[in-house]
Asker: 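Below you'll find the structure I mean.
Any value given below was found using the heavy atoms of this structure, including those in side chains, with hydrogens, waters and symmetry copies removed. All chains are named by letter (A, B, ...) in the order of the sequence lines, taking the proteins before the strands, and each is independently numbered beginning at 1.
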There are 2 protein chains.
Amino acid sequence: MKGLFAKTDAEAVRAHNRRVVIDHLRRADSSTRRATAQATGLSVSSASAIATDLIRSGIFEEVEEDGRSARRGRPEKTLRVAGSAATVAAAKLAVGGLFVQLADYAGRPLATAAAERPVADLDASEIASILASLTEEAASGLSGETPKPSRMVVAVQGMTDAGHRRILWSPALKRRDLDIAGMIQALTGTEVEICNDCSLMPEAFRWRPDRGGLDLGTGDFATLFIGFGVGMGLRLGGQTFGGPLSSAVEFGHLNHRPDGALCRCGNRGCVEAYAGDYAIQRRALGGPVDAVPARRVTDAEMRVLAGAARERDGPERDAFAQAGLAIGYGLGRLFTLIDPLPIVFTGSGAHAMDLLEPAIRRGITQSAVAGQGAAVPFGHVADVDALVFEAGTAHALASLDESFAREGPADERQVA
Amino acid sequence: MKGLFAKTDAEAVRAHNRRVVIDHLRRADSSTRRATAQATGLSVSSASAIATDLIRSGIFEEVEEDGRSARRGRPEKTLRVAGSAATVAAAKLAVGGLFVQLADYAGRPLATAAAERPVADLDASEIASILASLTEEAASGLSGETPKPSRMVVAVQGMTDAGHRRILWSPALKRRDLDIAGMIQALTGTEVEICNDCSLMPEAFRWRPDRGGLDLGTGDFATLFIGFGVGMGLRLGGQTFGGPLSSAVEFGHLNHRPDGALCRCGNRGCVEAYAGDYAIQRRALGGPVDAVPARRVTDAEMRVLAGAARERDGPERDAFAQAGLAIGYGLGRLFTLIDPLPIVFTGSGAHAMDLLEPAIRRGITQSAVAGQGAAVPFGHVADVDALVFEAGTAHALASLDESFAREGPADERQVA
DNA sequence: GCCTTTTTTCCGAGACTTGGAAAAAGTCTC
DNA sequence: GAGACTTTTTCCAAGTCTCGGAAAAAAGGC
């Protein structure tokens, strides 16, 4: 993987240093040639040469600063990532429909389009054509100079293949093993990647680690979605973790209690069977732990349950406490295998953190070695949908950055 | 971490390509300039230049092949890693004593020394001086041309700090937070690294992935030690996984059953509290699950229990089945978070795989998503001690390789 | 209007890799 | 046994990076 087995030559050096420069500008938002040199460790000459070349390629742009610095010396030229360099699409396939959001190369949202409709019966080609036409619909309102999207990232619930091209299985769909990426690529020519929505979420923090009430820096952390299901995204060693097979940290189906409550997945005792919306409702209403409701619990219903739990000590409060404990044990187990990490919560569960947090921390204490990680920082992002689109956009942009980094010098490339 | 934030220059290119060449020779055992070029992707010129330079530095050597190839053309010169380039020490601190094994730069064992004695009351300086004198003792029998050990890796049970310099806590010692590495370094000048023994084990497969009845290739895998405790080593993405804090995958203390059997660590329900030697004995003898024996269970006692379990259906067989189930659930949980991996078993438990394996696979089936990983390949290494020394040696050699890779050209370096 | 300051550009030097030519060191054939 | 043939290794000129320092550029300060 890394490159211990691949040689390095001038081309690799070039690509790497371009990558470093692009990455710096993504983080810094705006910079100058000199500041780039300082931040990357490159000499001023090299940083300047790379920046100038990226400008010639249209990847960076020099912008006029309004508030002129009244400082002495030759005024610096402000560099920015050029929004016009490309367009990317972040798509989402969920139970409620299909959604597309376009963004420019600087990451600014450009347009959205939605098809709110049942999706369970769709096949691969139908999904592909809906996503393709949503993309076209969103693009139709844009200025003629906006390029066509050159990358698309589709966030889905469920499992994808190692190559991020197929949906192996999704709770939103009846069919299995759908080659969505291939279909969309054939229709639009865009490069497409299919990702698990929860695994994707850490990408939203790639260049903006100071969110959700935490500054994650460049360190490891996890995102934890709590809602109809429970899903985790993991960032380890600067990389978003993706197992070769499932490409998902299936935290929701991490076993909590052997022979425990029945989960949607068919197994017994999963975290989700205690902490998913349906599990909380099931317990609050005193239903049997063997019943998995077909119907989806609405956010409104969950708000009612949370309200009741906040008001009085009763089955609702107990249900949230059990949910928190299951999550806490799950985190404790994760911390035992990996190491304690900051956690960013999102999803409907993130709106009930006041009910969940004490039980979560208690669960960690009881399950982690020496209770390590019980005091780990918790962050919180309210709007899951926005987070997923941001994550998809960031992921698509990173993929573009990589291909731009590998490009040859600007004067060698022919204009289209 | 990776190096996305570090620039690349000629020096980095040089170091990287030297690294790649050295790594190739470690894996291939013997090679030629041409074969090196082919294996690494470097041009013949570069591979040859690097190899020649490494020979001049004494890191590689050209050896006379006995069985001359009766092939046409200029005969190839066989390259080998030069054993004489350096000496490394692999040490072990265990309940029963302190042990040191020296090996040459080619990884061939040279000598050993042992101090079988109680260690519980030792402090950092005592441990350091014993290890230093054991090293000297082992080295004393060697030819005068053998260099002094330039790297030492100490494998210990328990937790080490992130910098691999201190023992934060070990079941073998009463004292805590001991700066062993610093002490030894002060005494001998050798660079020292302190590692958790279980975390270290995957290193033994670094250049020899075809062991324990499996060919692990360059893929991910885990080693699982089952004995007085239960410990895991994880190789992910070509790197031995080490959490920044504990530097150990604390598989033995992964919670199996909330409020379950009492573990040595004080928590309830750890895998070890079902699968450790003492837990198996406890259950086989019908003892209470709240009793943690102070005395260590001997291998002979375990063999008796295993014999009884093989002979008849009774509490012994049940104890092994429960142990297997706990391990299986643990693996299922690991596979849910990460992905299914091949497992190499070692330790006394590895001698009872016939008793454990069915329950382990059952546990995986019941706890992993869709039972994924229940058919994962199991390997098996009988001699744990040898494995740990090999792992320590490999780790020390890898560290030397890295520093050799970073060295300048041979003609620039002065001779000592 | 000239000096100072700071950023950017320019240029020669240095360190790699590379491809191809030349050399080396054998076997094979007649 | 000499020359042809093969294959590996070495040598060399060219190419492409980065780097450091000098020069240029573009302001403010006095």
Asker: Of B:T146, B:L142, B:T393, which is the lone residue that meets side-chain contact (heavy atoms from CB on, under 4.5 Å) with B:L102?
Answerer: B:L142
Asker: Would you indicate, yes or no, if C:dT17 has its OP1 or OP2 atom less than 4.0 angstrom from a side-chain nitrogen or oxygen of B:N17?
Answerer: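 For B:N17, the contact criterion (side-chain N or O under 4.0 Å from OP1 or OP2 of C:dT17) is met.
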Asker: Both distances under 3.5 Å, Watson-Crick or G-U wobble: report the partner of C:dG19, or none.
Answerer: D:dC12
Asker: If you check every side-chain atom of B:R33, which of C:dT7, D:dT9, C:dT17 has the closest atom?
Answerer: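 Closest of the options to the side chain of B:R33: D:dT9.
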Asker: Whole-Å distance between D:dT9 C1' and B:R74 CZ?
Answerer: 4 Å
Asker: Taking any heavy-atom pair under 4.0 Å as a contact, classify A:L79: base, sugar-phosphate, or nothing.
Answerer: nothing
Asker: Report yes or no: is the cationic atom of B:R26 (NZ for Lys, CZ for Arg) closer than 6.0 Å to the six-membered ring centre of B:Y105, at no more than 45° off its axis?
Answerer: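 The answer is yes; both the distance and angle limits are met.
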Asker: Starting from P on C:dT7, measure out to CD on A:E76 and report it in whole angstrom.
Answerer: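 In whole Å, C:dT7 P and A:E76 CD are 6 Å from each other.
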Asker: Between D:dT8, C:dT8, D:dT18, spot the one nearest the side chain of A:V13, thanks.
Answerer: D:dT18
Asker: B:G73 or A:G73: which one's nearest nucleotide on DNA chain D is closer to the 5' end?
Answerer: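 The 5'-side residue here is B:G73.
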Asker: NZ of B:K77 versus P of C:dA25: gap in Å, rounded?
Answerer: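 Going from NZ in B:K77 over to P in C:dA25 covers 7 Å.
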Asker: Taking 4.0 Å as the cut-off, does a side-chain nitrogen or oxygen of B:T52 come that near to OP1 or OP2 on D:dT10?
Answerer: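 Yes.
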Asker: So which nucleotide from C:dA15, D:dT10, C:dT8 ends up closest to the side chain of B:A10?
Answerer: C:dA15
Asker: Around A:E11, counting heavy atoms of other residues, nucleotides and ligands shown, do more than 12 lie under 6.0 Å from its CD?
Answerer: no
Asker: For C:dC16, take OP1 and OP2 only and decide whether either is under 4.0 Å from a side-chain N or O of B:R14.
Answerer: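 Checking B:R14 against C:dC16: at least one side-chain N or O falls below 4.0 Å of OP1 or OP2.
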Asker: Testing A:Q38, A:E62, A:E76 for side chain to side chain donor-acceptor pair (under 3.5 Å) with A:R33, which one passes?
Answerer: A:E62
Asker: Distance check needed: D:dT16 P versus A:I50 CD1, whole Å only.
Answerer: 16 Å
Asker: If you measure from CZ on B:R206 to NE2 on B:H395, what distance do you get to the nearest 0.5 Å?
Answerer: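 Rounded to the nearest 0.5 Å, the CZ-NE2 separation comes to 7.5 Å.
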Asker: Ignoring backbone atoms, establish whether A:R34 has a side-chain N or O less than 4.0 Å from OP1 or OP2 of C:dT7.
Answerer: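 True: A:R34 side-chain N/O within range (under 4.0 Å) of C:dT7 OP1/OP2.
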Asker: Please report the distance, rounded to the nearest Å, between CD in A:E11 and C1' in D:dT18.
Answerer: 16 Å
Asker: Map A:E62 and A:D9 onto DNA chain C by nearest heavy atom, then report which one ends up closer to the 5' terminus.
Answerer: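 Nearest-nucleotide comparison on DNA chain C picks A:E62.
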Asker: Using a distance-only criterion (donor-acceptor N/O pair, under 3.5 Å, no hydrogens), is the base of D:dG20 paired with the side chain of A:S45?
Answerer: yes
Asker: Indicate whether OP1 or OP2 belonging to D:dT8 is found under 4.0 Å from a side-chain N or O atom of B:T32.
Answerer: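 It does not, given that no N or O in the side chain of B:T32 lies less than 4.0 Å from OP1 or OP2 of D:dT8.
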Asker: From C:dT18, D:dA26, C:dA25, pick the nucleotide closest to the side chain of B:P75?
Answerer: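 The nucleotide sitting nearest to the side chain is C:dA25.
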Asker: May I have the distance from B:R56 (atom CZ) to D:dT10 (atom C1'), rounded to whole angstrom?
Answerer: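 After rounding, the reported distance stands at 12 Å.
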Asker: Supply the atom-to-atom distance B:T40 OG1 to B:N17 CG, rounded to the nearest 0.5 angstrom.
Answerer: 7.5 Å
Asker: From CZ of A:R19 over to P of D:dC17, roughly how many Å is that when rounded to an integer?
Answerer: 14 Å
Asker: Tell me: CZ of A:R71 to P of D:dA27, nearest whole Å?
Answerer: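 Computing the A:R71:CZ to D:dA27:P distance gives 13 Å.
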